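Take a look at the structure set out below.
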Amino acid sequence: MKTLNVGMLGCGFMGRTHSNAYNQVGHFFDIPFKPVLKVCYGREEDRAALDKFQKAWGYEETCTDWRKIVERDDIDIIDVVAPNFLHKEMVLAVAEAGKMLVCEKPLAMSFAEAEEMVKAVEKAGIANMVSFNYRRVPAVSLFKQVVDEGRVGRPFHYRAVYNQDYTISQKVPAGGAALWRLNAKVAGSGVTGDLLAHSIDTAEWINGPIKRVCAYTEIFIKERKNIETGEMIPITIDDACMFLAVFANGSIGTFESSRYARGRKNYSMMELNGENGALCFNLEEPEYLQFFRYADPDTGKKIEDHLTGWQKILVTNGEHPYMSKYWVPGTTIGYEHTFINQLADFLTSVGNKTVYQPNVRDAMRVQKVCDAVIQSAKEERWIDI
Ligand code: SOE
């Protein structure tokens with residue numbers, strides 16, 4: 001089997017999820033490559049974290065100059081998991097080097113950046129994937145399957161919520177390992193690019209393109225200490241964002257996201273209400289899909305029985321998406337498997353020479369919606385996409 005030498009550009013939280021996926025994917029899926037964790041990148045200032053990362057995941061080497069990794073002849077695939085402001089430069093270099101690309105979401109800091117990246121990647125013709133991992137939660141894949149089977153019928157309402165609560169305290173600094181997400185110069189935007197990007201990606205995948213948006217954003221804590229410089233810096237990213245959406249299929253949507261939703265750690269919910277049925281998923285119970293069956297999809301007639309009501313489907317059977325690859329029915333899988341599933345699909349598509357989705361073009365589309373949301377909040381008006 002051909003080996004696939006991996007260069008990992010970053011050694012933080014997402015570096016861990018992606019490294020674990022390379023280590024695990026061959027245990028569960030028949031993929032046409034054997035991934036080898038060759039080299040990981042981190043800044044010289046983060047040397048201790050980089051060394052720890054190397055040992056934990058089994059990389060052969062470390063390197064503090066990411067360009068050297070991209071230029072190495074023995075590296076087949078580059079995985080970009082560095083903070084958002086570095087994505088563009090890294091992806092352009094990967095395209096130039098003609099290597100396969102995996103990039104963590106959001107693809108870019110803005111739609112303009114994303115356009116430039118897509119142009120370079122498509123010109124180079126390299127296989128590419130953007131990590132919108134929640135599409136590959138088995139219950140979310142089943143959500144999409146049930147919609148595509150016509151069981152929900154004409155869609156009326158789509159709603160998505162993605163809430164966390166880790167930035168409520170004024171003491172939480174901006175900058176450093178995970179908290180660069182609070183610094184606009186590093187992250188681009190706040191919850192819109194970090195959390196709603198996921199919700200927008202799944203919404204458009206399931207319910208088709210969004211046509212118009214109208215948004216409101218809030219910054220609750222206006223100044224935080226930059227952990228790297230010790231200075232107080234103004235916070236300009238959106239701490240919370242709510243927007244209304246009109247979909248091209250005529251349905252209407254609401255989206256809400258915050259990092260100040262006390263009690264919510266990584267609560268991502270999506271619901272679709274249609275004429276014949278409804279579906280609901282919530283990431284706090286990731287093994288379940290809820291389905292309300294109202295009418296027969298073939299006849300459109302109300303199903304007349306006394307069992308009408310929400311069904312809570314335990315998505316762990318062999319006939320459910322991805323589940324035949326894991327354990328036995330009734331045993332659950334978790335967060336890390338979403339990264340394994342997407343990597344398996346990506347490597348399979350590379351082997352079959354088919355186009356993987358979501359790729360950089362799909363991620364550019366998400367970026368377009370995110371930019372429209374931010375613009376709408378700023379200009380206090382509806383924006384057409
Ligand atoms: C932010 O806290 C974060 O790590 C996001 O960046 C991820 O994309 C999300 O899946 C979990 O939360």
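Just so you know, these numbers come straight off a predicted model, no measurement behind them. Counting starts at 1 for both ligands and their atoms, in listed order.
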Measuring from M242:CE to Y216:OH, what's the distance to the nearest 0.5 Å? 7.0 Å

Looking at atom 1 (C) of ligand 1, what's its closest protein heavy atom, distance included? D194 OD2, 3.1 Å

For Y162, counting its heavy atoms only, list the atoms of ligand 1 lying under 4.0 Å from any of them. 9 (C), 10 (O), 11 (C)

Where is the nearest protein heavy atom to atom 12 (O) of ligand 1: which residue, which atom, and how far? Q164 NE2, 3.1 Å

Atom 10 (O) of ligand 1 - nearest protein heavy atom and its distance: Y134 OH, 2.6 Å

Backbone N/O of I333 and side chain of H337: donor-acceptor pair under 3.5 Å: no

Salt-bridged, R67 to D65, with N to O below 4.0 Å? no

Should you measure from each heavy atom of K105, which atoms of ligand 1 turn up under 4.0 Å away? 5 (C), 6 (O), 7 (C), 8 (O)

For atom 4 (O) of ligand 1, what's the nearest protein heavy atom and its distance? F13 CE2, 3.3 Å

Under 3.5 Å, side chain of N163 to main-chain N/O of N266, donor-acceptor pair present? no

Salt bridge (Lys or Arg N to Asp or Glu O under 4.0 Å) pairs, two or more places apart, involving residues 318-332: none

Below 4.0 Å from ligand 1: does a non-hydrogen atom of H198 turn up there or not? yes

Using the six-membered ring of Y267, assess whether NZ or CZ of R264 lies under 6.0 Å from its centre and within 45 degrees of the ring axis. yes

Does ligand 1 come near enough to N133 that some N or O of the ligand is less than 3.5 Å from an N or O of the residue? no

Per-residue contact class, N266 against ligand 1 - non-hydrogen pairs under 4.0 Å: side chain

Answer with yes or no whether the hydrophobic clustering places L86 together with V118; edges join I, L, V, M, F, W, Y residues whose side-chain heavy atoms lie under 4.5 Å apart. yes

Which atoms of ligand 1 are found less than 4.0 Å from any heavy atom of Y166? 2 (O)

List ligand 1 atoms under 4.0 Å from R181, heavy atoms only on the residue side. 1 (C), 4 (O), 6 (O)

Which pairs pass salt bridge (Lys or Arg N to Asp or Glu O under 4.0 Å) with one or both residues in residues 93-111, sequence neighbours excluded? K105-D194

Is the shortest N/O to N/O distance between E104 and ligand 1 below 3.5 Å? no

